[in-house]
Amino acid sequence: MWKEERVNKNSKHGKPIFSLCCRKGQINLPKAPPTPSYLWQLYNDSKKGPLFRKCSRMYNSMFSFTSTGGNIDHSVNNGCGPYVYRLNGQNHHVFGSLIPNDGETPKFCQLYIYDTENEVSNRMQWMDIDDNDKINSEIVEGLMKMLDYTNELVKEFRVARDRFKDSPFVDLKIVLKVCRSQSGRENNIGLSNEVAAIMVGGVEDPSASRDIILEHENKGKKRQKCTMMEFYSYKFQVRSNEGMTPRLDNPDIVARVFRLKLDQLLDDIKKNSYFGVCIGVMYVVEFQKRGLPHVHMLIWLDSTSKKNLMGNVDQFVSAEIPDPVLDPVGYAGVKAFMIHVPCGVEYPKSPCMKDFKCTRHFPKKYCPRIMFDESGFPLYKRRNTGVTVKVRHDRATVEVRGLRKKQTPVNDDSVDEIQAFFDGRYICGSEASYRTFGFQIHHRSISVERLSFHLPGQKNCTFRSNDSLKKVAEREKNKVNKLEAFFKLNITDPNARQFTYDQIPHKYVWNDGANKWTLRKKGFQIGRLIYTHHSSGEIWYLRLLLSKVRGCTSFESLRTVNGVLYSTYHEACKELGLLENDDEWHEVLTECSKCGFPPQIRQLFVHIIVNCQVSDVCQLWLSHCQVMGDDILIMKRRSSGNNNLNLSHEEIQFYALGEINRLLRSLGKSLKDYPQIPQPPPQYLNNGVNNLILEETSYNKDEMESEFKHLLSNCNEEQMVVYNAVLHYVNSDQGGFFFVYGSGGCGKTYLWRTLICKLRASGKIVLPVASSGIAATLLPGGRTAHSRFKIPILLDDYSLCGIGHNSDSAELIRRTSLIIWDEAPMQHRYAFECLDRSLRDLMKVHDRRRFHKPFGGITVLLGGDFRQILPVIPYASRGEVVSACIASSRLWHLCSVFILRKNMRLKLAKTDAESEVLSIFAKWVLDVGDGKIQHAESDSSLSTEFDIPVPHEFCNLEESNSVENMIHCIYPNFLENFKSPKYLSERAILTLLDITF
């Protein structure tokens, strides 16, 4: 051990104490026993040694006592990474009877007791025929004798064998324990006695708290244990008179040295104030695949140090090449490790090049002095000193061999980039050692205390699904949370009244056991209130008050301003001047009322209160309620058929609020979420009707049936296969998962329309969605997937849709028979997995078995073309984009894939010649998407690997390449046909870069 690794660094005198190796002397493991002589001879045997090393895993399996039991999870291997063996639930070893049943051959631990005269042959019969040829019976017999002599467990089993020989009628068994832990914690290690011998035969009243019924050697002595981390940390150390396995790279030394240097760097920053007074530090350690660690660090300084650092950046950072005469060491270091590789137009295949530009923005411009841009990013001083470095441009040529066929390059240029790689997690030896020693991968010097809050009577509590509600209520009734303890603290401690709720962790510590705040004796902590969206209503205003009001002792005191108790937190915030004015929202609604119809104004009002930050929703309603209800009287006269109907001003407002409530319910909200708005009587809200379900079931069934018959008559064989398969799963309510793969023109949208009309004609609900708004408009009643299912914009492995169990959207989904998702390949796989988790959660209320079915047992039909746009991930590599596709999802192995190959657009041709031209063009487009077109040869420096030659028959070379000619070609006789919807829908000019002329 090095002296700097001691734990008593504050003591300058005395004996150093170390914890990394032995936990301050608490861990003292016995020396490893010497290698058995037979095993040593076997490894060094010139004939048997190679055979044994080659099949060592087979020999190890032959002598195992048990087999592994558990729930094997295969879904983790649905992606592109390396194979992972994962067990879910409680892992265990499977023990059977120690004596095989009649007619069965012994296996596992039975081989040590039963029919040991033929033990060698019994062990070898469990090997496969091919593997049996590789197993040497002499080696098996030698290993068997070695274990009899050296292995303590084998000796105990041999004792059981001798006992069985003396009395073959003894019932030999191993008794497993029932409960893994009395505390409920899966990995909690309870008390146990030392293992002396296995008790066999005559087992009476077995204890349920033991793994195996054991004889006691010393009832008062506890077994000494150490964790795996402590064990390996102890064994990593080099000790005298203890042999060490030869190592080539010593990754444990790399990890320890890096840790020492990192600690010294932190001391320079925090204690020695190298950059100034340090407030906090946060860092994360990363390891390269070759084993070299590095750290990404954020440093917070106080205000004075920040100003001083900005004025003296040149003292800490130099972006100039050192002078080789004045600083030869610095020059050599910069030349060896800090010079950017050659790039630019002359080196287009440099790894930093993208779109013919260096992603690192080299070469950098000269800068006479330090400057800061608009975002605060520094532009370091880089003067033209005349010092240069000559770098040789060496590139390695890597050839990747595999089963995938690739096009042979036309030219003879060397391939200087790896074309394929495995997308997997790699843990090098240094990282493994770093984690084994317990060093921090993520570190922050200041901890954060999350502060929860709630409205009166809405305290959160956690419980298991099988817990009794009565017991949960009894347990939580007297339990005090952080907010309630904060109120009590202000009553008993006058010193605490000078702090707001989020400032309390600075001076007080939350005692989770006693459920109270206690005075802090040392350290520092930051308080953070849980995030709440501004549209959440009163809970958001409560959060605002907690961060501004000091010394509050109750919920009522928060609403008290200048001695006046207000009824809502919103009014209290308004009185304290914490809210901004809503002039911009008033102006928007006023402008809309000048030219918009009342339904449009109501839609805009709902959009503002849902998605924008409105400080006074009530005042916004009262100021514009009249224009939002101008059409109510006419609507009611038409619906009632009474042209003489009159309504009071209050009734018109109530009906207008009912229309707003209908719009809010379509978004998963209601007027109850906005208590500031006047609440009309229930008869005006029509809460008993789910507008979403009403909208999806109000289609004219006769029209749907007529359109369905017309569409079905024109479906081809491929479409009918998909149609029948999907309809079978929908009618049987089995819940299928399908993907229809086809290029443009193969009739995917036509198939969607056929299924939609069929189900709607039968009175069933089908939800057609698409990944983009344009694609959604092509579906009858289509919407974007994010809008329909409330999918979050920012997704991860644990995201859920924003659909409440009691919302109208949840009820609509529970009654849905089919979900159609068009343009699925362009959506991130997290979106589909998010929907899968949400639907399972929603559908388990209907049937608990549906929780274990994909998408909750609802049939889901995806469609798209992987040749088109894949998920857009900024600055992502090709592998990252592929891993984000639906094909890399854990759900993909459950999906049935159908392929549509027939191009239905060819039927639109009026003549055979036109059909032939369209067929050739369609085939060429598919070849482009499949990568079958050869790379275009060009001498231009702007040429890329994506350039392809366009056949002459698809080009108009006779006329000039101008915008006017393109318009006349695409839109002939425009003035005569511009009023025709069919004429306009059949033509379009796409600008890939969104550039208009």
Side-chain angles (χ1 to χ4, degrees), residues 2 4 249-250 253-270 272-276 278 281 283-299 301 305 308-354 357-373 376-398 414 416-417 428 430:
W2 288 293
E4 289 300 321
D249 52 354
N250 293 317
I253 302 298
V254 174
R256 290 167 57 190
V257 171
F258 176 76
R259 175 67 180 185
L260 291 175
K261 292 187 175 182
L262 181 57
D263 289 340
Q264 292 175 355
L265 176 61
L266 290 176
D267 287 342
D268 289 338
I269 295 173
K270 296 169 63 177
N272 301 331
S273 302
Y274 186 78
F275 298 110
C278 178
V281 174
Y283 68 75
V284 58
V285 179
E286 294 181 355
F287 291 80
Q288 299 174 352
K289 287 190 176 182
R290 52 182 175 173
L292 299 179
H294 62 278
V295 63
H296 298 269
M297 184 179 297
L298 288 175
I299 305 169
L301 305 176
S305 301
N308 180 62
L309 183 64
M310 291 183 63
N312 300 276
V313 175
D314 295 334
Q315 297 181 7
F316 303 99
V317 179
S318 175
E320 298 176 346
I321 302 176
D323 192 310
V325 178
L326 301 179
D327 187 7
V329 176
Y331 178 83
V334 170
K335 179 180 179 180
F337 306 109
M338 302 183 67
I339 296 297
H340 188 65
V341 297
C343 60
V345 180
E346 298 180 355
Y347 302 95
K349 293 187 177 181
S350 181
C352 64
M353 293 294 293
K354 185 176 182 180
K357 294 182 180 179
C358 177
T359 56
R360 302 292 182 264
H361 308 292
F362 280 93
K364 302 286 187 179
K365 295 182 179 179
Y366 290 117
C367 187
R369 58 183 178 84
I370 181 70
M371 294 185 296
F372 295 88
D373 58 14
F377 191 82
L379 304 176
Y380 298 115
K381 180 175 70 174
R382 185 180 284 102
R383 298 168 298 178
N384 188 2
T385 59
V387 180
T388 60
V389 174
K390 185 177 181 181
V391 180
R392 187 176 61 184
H393 185 55
D394 291 338
R395 298 299 306 275
T397 299
V398 180
S414 60
D416 57 357
E417 290 185 275
C428 62
S430 299

Legend entry - V295 vs L262, side-chain contact (heavy atoms from CB on, under 4.5 Å): CA-CA, chis, key distance, verdict: CA-CA 8 Å; V295 63; L262 181 57; 4.2 Å; yes
Output side-chain donor-acceptor pairs under 3.5 Å for residues 320-332, partner residues at least two apart or in another chain, one line each.
{"from": "E320", "atom 1": "OE1", "to": "R383", "atom 2": "NH2", "distance (Å)": "3.2"}
{"from": "E320", "atom 1": "OE2", "to": "R383", "atom 2": "N", "distance (Å)": "3.0"}
{"from": "E320", "atom 1": "OE2", "to": "R383", "atom 2": "NE", "distance (Å)": "2.8"}
{"from": "D323", "atom 1": "OD1", "to": "V325", "atom 2": "N", "distance (Å)": "2.8"}
{"from": "D327", "atom 1": "OD1", "to": "G330", "atom 2": "N", "distance (Å)": "3.0"}
{"from": "Y331", "atom 1": "OH", "to": "T388", "atom 2": "O", "distance (Å)": "3.1"}

Legend entry - Distance (rounded to the nearest 0.5 Å) between L265 CG and Y283 OH: 10.0 Å
Legend entry - Over 12 non-hydrogen atoms of neighbours within 6.0 angstrom of NZ in K261: no
Inset, instruction - Identify the heavy atoms of V281 and K270 that sit nearest to each other, and give their distance. - result: CG2-CG, 4.0 Å
Legend entry - P342 to S350 - nearest heavy-atom pair and separation: O-OG, 3.4 Å
Legend entry - With sequence neighbours excluded, residues passing ring-ring contact (aromatic ring centres under 6.0 Å, His included) with H361: none
Legend entry - Sequence-distant partners of R382, salt bridge (Lys or Arg N to Asp or Glu O under 4.0 Å), two or more places apart: none
Legend entry - Heavy-atom closest contact (C278 atom, L301 atom, distance): CA-CD2, 4.0 Å
Legend entry - Partner set under ring-ring contact (aromatic ring centres under 6.0 Å, His included) for Y366, not counting sequence neighbours: none
Legend entry - Qualifying residues under ring-ring contact (aromatic ring centres under 6.0 Å, His included), relative to F362, sequence neighbours excluded: H340
Inset, instruction - Could you grab the distance from atom NZ of K364 to atom OH of Y380, nearest 0.5 Å is fine? - result: 10.0 Å
Inset, instruction - Give, for atom CZ of R256 and atom CH2 of W2, the distance between the pair rounded to the nearest 0.5 Å. - result: 4.5 Å
Inset, instruction - State whether the side chain of T359 and the backbone N or O of M353 hold a donor-acceptor pair below 3.5 Å, judged by distance alone. - result: no
Inset, instruction - Please examine the side chains of V285 and F258, heavy atoms only from C-beta on, and report whether any two atoms are closer than 4.5 Å. - result: yes
Inset, instruction - Starting at CD of E4, measure out to CG of D267 and round the result to the nearest 0.5 Å. - result: 8.5 Å
Legend entry - Spacing of Y274 atom OH and I299 atom CD1 [to the nearest 0.5 Å]: 11.0 Å
Extract all donor-acceptor atom pairs below 3.5 Å that involve side chains of residues 308-319 and protein atoms in other chains or at least two apart in sequence.
{"from": "N308", "atom 1": "OD1", "to": "N312", "atom 2": "ND2", "distance (Å)": "3.1"}
{"from": "N312", "atom 1": "OD1", "to": "Q315", "atom 2": "NE2", "distance (Å)": "3.1"}
{"from": "N312", "atom 1": "ND2", "to": "N308", "atom 2": "O", "distance (Å)": "2.6"}

